[in-house]
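Following: one structure in structure tokens, then a few remarks.
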Protein chains: 2
Amino acid sequence: MTKDVDAFGGLSVGLSNRLFFRLYQCANMLHKTGTRALDEHGITTQQWAVLGALTRPAFENGVAVGDLAAFLLVSRQNLAGVLSRLEVLDYVERAVDANDNRSRLVRLTAKGRSLWDKDMRSVIADYYDEALTGFSTEDKIHMIHYLDKMLHNFKALDPEAQPVSGTAAAAE
Amino acid sequence: MTKDVDAFGGLSVGLSNRLFFRLYQCANMLHKTGTRALDEHGITTQQWAVLGALTRPAFENGVAVGDLAAFLLVSRQNLAGVLSRLEVLDYVERAVDANDNRSRLVRLTAKGRSLWDKDMRSVIADYYDEALTGFSTEDKIHMIHYLDKMLHNFKALDPEAQPVSGTAAAAE
DNA sequence: AAAATAAGGTAAATATATTGACATAAAAGT
DNA sequence: ACTTTTATGTCAATATATTTACCTTATTTT
């Protein structure tokens with residue numbers, strides 16, 4: 001009775017496998033529990049991520065679709081679908097960029113801002129408290145550090161995500 | 001007592017928000033880069049997770065669909081779709097449980113085992129090496145610990161995943 | 001034996017998520 | 001002016017992923 005170590009032939013691979021499987025499970029649960037937490041408002045985790053990004057000071061005055069996709073690390077076509085649904089619900093709007101008529105700047109509507117501030121923020125704060133039960137501030141910082149490190153490696157693995165030059169979107 | 005008076009300006013909520021956004025980004029990149037790494041074999045990260053689970057010693061002789069869904073933390077209906085595609089490709093098969101004719105035991109076929117051993121394992125090992133560049137053994141252990149902790153909280157949040165009693169599937 | 005329970009299959013609706021491909025329009029370079 | 005690049009939109013195909021719901025079958029309980 002071997003442990004999973006044997007199935008992979010080495011301790012190192014076994015550890016990595018365990019880590020990635022946990023990440024996979026956490027990703028599944030993030031979407032499952034996150035969407036359920038915001039179920040009363042009909043918001044999914046992806047919509048949550050979009051709305052949350054749009055509340056960032058850097059995106060306060062609108063962000064280009066491509067930049068937002070790069071920031072969220074999703075494809076442009078996928079983001080377009082999410083944005084369309086949020087637009088129908090009048091939570092976000094697209095305005096033509098005065099500086100570049102090709103570009104449409106996505107931003108929160110008043111209704112979207114209200115949804116975030118009045119309805120979502122407290123729910124999200126409670127969700128964070130529950131999902132991070134037992135995490136000290138140091139734990140969180142360490143976890144963020146590891147996720148950052150992994151993210152950096154992922155980006156190196158991704159041919160699309162290469163231009164990490166100083167654009168506001170790629171910065172963080 | 002931390003000061004989360006101003007919701008997202010607060011240090012505590014800000015940290016949690018940052019952590020979850022990183023997790024969200026990592027989840028996106030895991031599926032994007034993972035599927036791309038196995039692209040030559042036409043395997044997605046979900047199929048990877050299923051095949052990987054079936055190579056576990058505990059599942060060597062087959063596992064019930066419901067148990068596998070609980071193990072992977074996905075819905076039964078979702079898993080059914082993934083299994084159907086893998087079945088068409090002759091990587092997995094379903095056999096009636098001798099002990100319970102209702103239950104079908106999912107297991108790897110010889111072709112599936114060969115795919116895993118001859119084609120996928122080395123690719124996955126390389127992928128792990130790249131995605132975990134700069135991670136020491138201690139780093140991995142710490143990361144796993146944090147993911148485990150978060151997973152535990154997620155399960156507490158999930159009404160379906162409550163029966164954490166001694167079933168083999170829920171055990172790990 | 002009849003009823004309740006459990007496992008699985010299946011269907012449907014919705015929302016992600018990817019890639020590739022094509023169209024449009026505007027900006028930039030030659 | 002012409003060409004190329006850029007930004008977006010859109011369509012299509014495929015694969016996840018969720019929930020609700022119903023059906024079948026088999027086991028278990030009454």
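Chain letters run A, B, ... following the sequence lines, proteins first and then strands; every chain starts at 1. This one's a predicted model, so the numbers in the text were calculated from it and none came from an experiment.
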Inset, instruction - Strictly below 4.0 Å, heavy-atom distances to any atom of DNA chain C: list the hits from residues 39-50 of chain A, or just say none. - result: A:T44, A:Q46, A:Q47
Inset, instruction - Identify, with sequence neighbours excluded, every residue that meets ring-ring contact (aromatic ring centres under 6.0 Å, His included) alongside A:F154. - result: none
Inset, instruction - When you get a sec, tell me which of D:dA7, D:dT19, C:dT18 is the closest nucleotide to the side chain of A:R36? - result: D:dT19
Inset, instruction - Just grab all the side chain to side chain donor-acceptor pair (under 3.5 Å) pairs involving residues 105-115 of chain B, residues at least two apart or on different chains. - result: B:E60-B:R113, B:E93-B:R107
Inset, instruction - May I have the distance from B:Y24 (atom OH) to D:dA17 (atom P), rounded to whole angstrom? - result: 14 Å
Inset, instruction - Output yes when a side-chain donor or acceptor of A:N28 lies under 3.5 Å from a complementary backbone atom of B:V74, and no otherwise. - result: no
Inset, instruction - Would you mind telling me which of C:dT19, D:dA17, D:dT8 lies closest to the side-chain atoms of A:N28? - result: D:dA17
Inset, instruction - With sequence neighbours left out, write down each residue that passes side-chain hydrogen bond (donor to acceptor under 3.5 Å, both in side chains) with A:S103, or none if nothing qualifies. - result: none
Inset, instruction - For B:S75, report the nucleic acid contact type (base, sugar-phosphate, nothing); a contact means any heavy atom under 4.0 Å. - result: base
Legend entry - Minimum-distance nucleotide to A:A64 side chain [options: D:dT18, C:dT18, D:dT8]: D:dT8
Inset, instruction - Send over the distance from B:M29 CE to C:dA17 C1', rounded to a whole Å. - result: 14 Å
Are there any protein N/O atoms within less than 3.5 Å of an N/O atom in nucleotides 22-28 of chain C, and if so, which ones and at what distance?
{"from": "C:dA27", "atom 1": "OP1", "to": "A:N101", "atom 2": "N", "distance (Å)": "3.1"}

Legend entry - Whole-Å gap separating P (D:dA7) and CG (A:L68): 15 Å
Legend entry - Phosphate-side-chain proximity, A:K32 and D:dA17, N/O vs OP1/OP2 below 4.0 Å: no
Legend entry - All ring-ring contact (aromatic ring centres under 6.0 Å, His included) counterparts of B:Y91, not counting sequence neighbours: none
Legend entry - Residues that B:K149 engages under salt bridge (Lys or Arg N to Asp or Glu O under 4.0 Å), provided they are two or more places apart: A:D139
Inset, instruction - Would you mind reading off the distance between B:L89 atom CG and D:dT14 atom P, rounded to a whole angstrom? - result: 13 Å
Inset, instruction - Could you list by number each residue of residues 79-86 of chain A showing a heavy-atom separation from DNA chain C of less than 4.0 Å, or answer none if no residue does? - result: A:V82, A:R85
Legend entry - Set of residues satisfying salt bridge (Lys or Arg N to Asp or Glu O under 4.0 Å) with respect to A:D100, sequence neighbours excluded: A:R102
Legend entry - Positive for side-chain contact (heavy atoms from CB on, under 4.5 Å) with B:F20, one of A:L30, A:T45, A:L147: A:L30
Legend entry - Distance, rounded to the nearest Å, where A:R104 contributes CZ and D:dT10 contributes C1': 12 Å
Legend entry - Distance test, side-chain N/O of A:N78 to OP1/OP2 of C:dT16, below 4.0 Å: no
Legend entry - Partners meeting side chain to side chain contact (heavy atoms under 4.5 Å, CB included) with B:H41 (sequence neighbours left out): B:L38, B:I43, B:L115, B:D119, B:V123
Inset, instruction - For B:L72 and D:dT18, give me the distance from atom CG to atom C1', rounded to whole Å. - result: 16 Å
Inset, instruction - Just jot down the salt bridge (Lys or Arg N to Asp or Glu O under 4.0 Å) partners of A:D126, sequence neighbours excluded, or say none. - result: none
Inset, instruction - With sequence neighbours excluded, tell me which residues meet salt bridge (Lys or Arg N to Asp or Glu O under 4.0 Å) with A:R85. - result: none
Inset, instruction - Mind telling me whether A:Y146 and B:F135 have parallel, tilted or perpendicular rings, with 30° and 60° as the class edges? - result: tilted
Inset, instruction - Report yes or no: is there a donor-acceptor pair, N or O only, under 3.5 Å between the side chain of A:Q77 and the base of D:dG9? - result: no
Legend entry - Length of the CG-C1' vector between B:L30 and D:dA17, whole Å: 15 Å
Inset, instruction - Starting from C1' on C:dA7, measure out to CG on B:L105 and report it in whole angstrom. - result: 12 Å
Inset, instruction - Would you please confirm or rule out a distance under 4.0 Å between OP1 or OP2 of C:dG8 and any side-chain N or O of B:R94? - result: no
